[in-house]
Every structure is written in C-alpha cells, then in structure tokens.
Amino acid sequence: NLRGISASIHAPLTTYASRAAANVPPRPRRSTTFGVPRNKDAIARRFQLPSDNQGFTYLYMPCRLRRCYSETRKALSRLGLPSSRVLDVCYPVNGMAGILVHNDYVEEATMTLFENGISLFGDCDPNDPILLKDPKFDSDPEEVRKQTAIMIHKNRLLKVLQRLRSPIRLAVTRSFIAQDWITQADHDTFFAPSSVTEFNSASNPKRDTDAQMNDIAANFIQATSPYPDQTMDQAEI
C-alpha cells in the first residue's frame with residue numbers, strides 16, 4: 001500500500017522513551033525564597049513583638065536509647081514537639097536526653113511531654129560532677145571533678161553554637177553567657193579563624209528505625225535516673 005508507506009515515512013518517530021516521558025507528571029517547583037521558614041508559626045513570630053521572657057534553656061528527660069540527632073528530632077516531632085522549636089538535642093549522660101528550647105516554649109513543651117507520659121528531671125544541673133560516669137574521673141578530687149564537668153558542658157555548648165545559624169546563634173550565645181555557662185572569651189576563642197573546626201557528626205550513632213508512637217514515648221520514660229538519691233518528678237503543670 002503506497003499510501004500507507006508514505007504516511008509512515010513522514011510520521012514523527014515515536015520511541016518508548018518519548019512515550020514514557022509524556023506520562024511523567026511535572027515536578028513541583030521548589031521555593032527559591034531564601035531564609036523564609038516553612039512553618040506558619042515560625043513565620044508569624046517574625047511579625048510579633050519580642051517576648052519579655054528572652055533566653056533559652058534545656059529540658060532534661062529520661063531516655064533509654066541514645067539515637068542520632070535526626071532520629072530523635074523526628075521522634076519528638078511525632079510526639080508534638082516541632083523540630084523548629086527544638087534547637088538542640090544532647091545526651092549528657094546515659095539514661096538522659098536534653099532538648100534546648102526558648103523560654104516561651106518551656107511550658108508548652110512540658111505539657112506536651114506530660115501528655116505523652118514523659119516526666120522531666122527536676123533541678124538538673126548540667127555542671128554537676130555526678131554526671132561524670134567515666135571511671136577515669138573516679139579518683140579525681142571533688143573540685144577537679146567539678147571543673148571537668150564544667151569544661152565538658154562548656155565544650156558541648158560551643159559545639160551547639162557552631163551548628164546554629166545566625167541570628168539565632170547570637171541570641172543563644174547571649175543566653176548561655178547570661179547563665180554563666182560560657183564566657184564571651186570562650187566564644188571568641190572557639191570561633192577564632194585559627195581554631196574553628198567542623199563538627200564531626202559521623203561520631204553520632206545512626207540507626208534507621210521507624211518506631212510506633214508508643215515505642216517512641218517509651219524511649220523517654222522508665223529510664224534509670226543518673227541521680228541515685230533523686231526520683232523523677234512528674235512535670236509541674
């Protein structure tokens with residue numbers, strides 16, 4: 001059939017790749033706006049008056065397993081603590097986890113944890129030498145142990161500041177200095193060009209699990225208290 005041959009010659013070439021590409025849905029456009037948070041509450045806070053309760057504090061809770069930061073943030077988010085409100089996650093000692101939050105968020109975070117059956121450690125001093133569990137410090141005098149605990153806590157806070165972005169880092173720095181956790185000299189020395197080092201996140205344990213909600217909450221309860229003479233007080237609401 002000459003007509004059929006002529007039509008096939010002038011017809012556009014159709015391949016499997018072209019047919020498959022025609023059925024691919026368009027990719028969603030990524031936002032190019034830099035520095036604008038995705039969370040609606042975070043955006044709204046930019047247009048609100050500054051709080052009179054400025055500052056940041058750590059909330060300490062029992063923790064059975066030490067997980068990587070991203071996994072702990074994900075678990076806390078599923079419990080109702082958005083990652084945008086939790087600036088840092090730390091493990092001062094086995095059986096304890098700490099989260100850094102703004103003072104305005106302490107009451108809400110405490111309530112959220114309480115509703116999930118999670119109690120906070122009351123009056124936890126991160127500079128307490130009782131948190132030194134390494135046997136190599138057992139024979140040190142009490143004053144030396146206290147200075148060691150202060151130095152460990154100070155180094156941990158400086159690494160936290162290293163991970164934060166400006167201007168939040170400036171606000172957290174002022175809060176740490178106001179609480180006598182670090183000094184301005186500590187900050188200036190640590191962030192001097194000759195002494196700045198990249199934080200090695202590879203040293204953190206990584207575990208890829210997707211626990212159920214009850215398992216997530218259970219990870220933050222019924223842990224052994226690092227304080228032998230202190231029971232875990234129920235969160236004060």
Give the cluster check for L87 versus I177: same hydrophobic cluster or not, with ILVMFWY residues linked at side-chain heavy-atom distances below 4.5 Å.
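Yes, because L87 and I177 connect within a single hydrophobic cluster, where side-chain heavy atoms sit under 4.5 Å apart.
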Are V160 and I168 connected, step by step, through hydrophobic side chains (Ile, Leu, Val, Met, Phe, Trp, Tyr) whose heavy atoms are closer than 4.5 Å?
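Per the 4.5 Å side-chain linkage, V160 and I168 are co-clustered.
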Do [X] and [Y] come within less than 4.5 Å of each other through their side chains, counting heavy atoms only?
{"X": "H153", "Y": "L157", "value": "yes"}
{"X": "L79", "Y": "I118", "value": "yes"}
{"X": "Q54", "Y": "H102", "value": "yes"}
{"X": "R73", "Y": "V86", "value": "yes"}
{"X": "H187", "Y": "F176", "value": "no"}
{"X": "Q179", "Y": "S175", "value": "yes"}

Within a 6.0 Å radius of atom NZ on K154, are there more than 12 heavy atoms belonging to other residues, nucleotides or ligands?
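Counting neighbours around NZ of K154, more than 12 heavy atoms of other residues, nucleotides or ligands fall under 6.0 Å, so yes.
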Which atom names give the shortest non-hydrogen contact between [X] and [Y], and what distance separates them?
{"X": "L131", "Y": "V93", "value": "O-CG2, 3.6 Å"}
{"X": "S77", "Y": "P82", "value": "OG-CA, 4.5 Å"}
{"X": "P92", "Y": "Y60", "value": "CG-CE2, 3.5 Å"}

Parallel, tilted or perpendicular for Y58 and W181, by the 30°/60° rule?
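Y58 and W181: tilted rings.
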Should L113 and M61 be marked as a side chain to side chain contact (heavy atoms under 4.5 Å, CB included) after you check the CA-CA gap, both sets of side-chain angles, and the distance that decides it?
CA-CA 9 Å; L113 294 171; M61 68 196 77; 3.9 Å; yes
Spacing of [atom1] belonging to [X] relative to [atom2] belonging to [Y], to within rounding of 0.5 Å:
{"X": "C124", "Y": "L59", "atom1": "SG", "atom2": "CG", "answer": "10.5 Å"}
{"X": "S119", "Y": "N116", "atom1": "OG", "atom2": "CG", "answer": "11.5 Å"}
{"X": "N155", "Y": "D186", "atom1": "CG", "atom2": "CG", "answer": "8.5 Å"}
{"X": "E71", "Y": "L65", "atom1": "CD", "atom2": "CG", "answer": "9.0 Å"}
{"X": "F56", "Y": "I99", "atom1": "CZ", "atom2": "CD1", "answer": "13.5 Å"}

Which pairs with one or both residues in residues 86-98 pass salt bridge (Lys or Arg N to Asp or Glu O under 4.0 Å), sequence neighbours excluded?
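Passing the test, one end in residues 86-98: D88-R163.
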With P129 as reference, evaluate Q147, E142, E143 under the side chain to side chain contact (heavy atoms under 4.5 Å, CB included) test and give the passing residue.
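That would be E142.
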Set out, in order, the CA-CA distance, both residues' side-chain angles and the distance that settles side chain to side chain contact (heavy atoms under 4.5 Å, CB included) for I152 and L132, then state yes or no.
CA-CA 9 Å; I152 291 176; L132 297 177; 3.6 Å; yes
Charged tip of R169 within 45° of F191 ring normal and under 6.0 Å:
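The answer is yes, since R169 meets both limits relative to F191.
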Can R145 be said to sit on top of F137's aromatic six-ring, NZ or CZ under 6.0 Å from centre and within 45° of the ring axis?
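Here R145 fails the 6.0 Å and 45° test against F137.
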C90 and M96: side chain to side chain contact (heavy atoms under 4.5 Å, CB included), yes or no, with the steps?
CA-CA 9 Å; C90 68; M96 176 188 290; over 6 Å; no
When you measure from the side chain of R85 to the backbone of Y105, do you find a donor-acceptor pair of N or O atoms at a distance under 3.5 Å?
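Here the side-chain-to-backbone pair does not exist.
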Using a distance-only test with no angle check, is there a side-chain donor-acceptor pair under 3.5 angstrom linking T112 and E108?
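No donor-acceptor contact under 3.5 Å links the two side chains.
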Please evaluate residues T72 and Y91 with respect to the criterion side chain to side chain contact (heavy atoms under 4.5 Å, CB included), reporting the C-alpha separation (whole Å), side-chain torsions for both, the decisive distance (0.1 Å), and the verdict.
CA-CA 11 Å; T72 301; Y91 300 95; 2.6 Å; yes
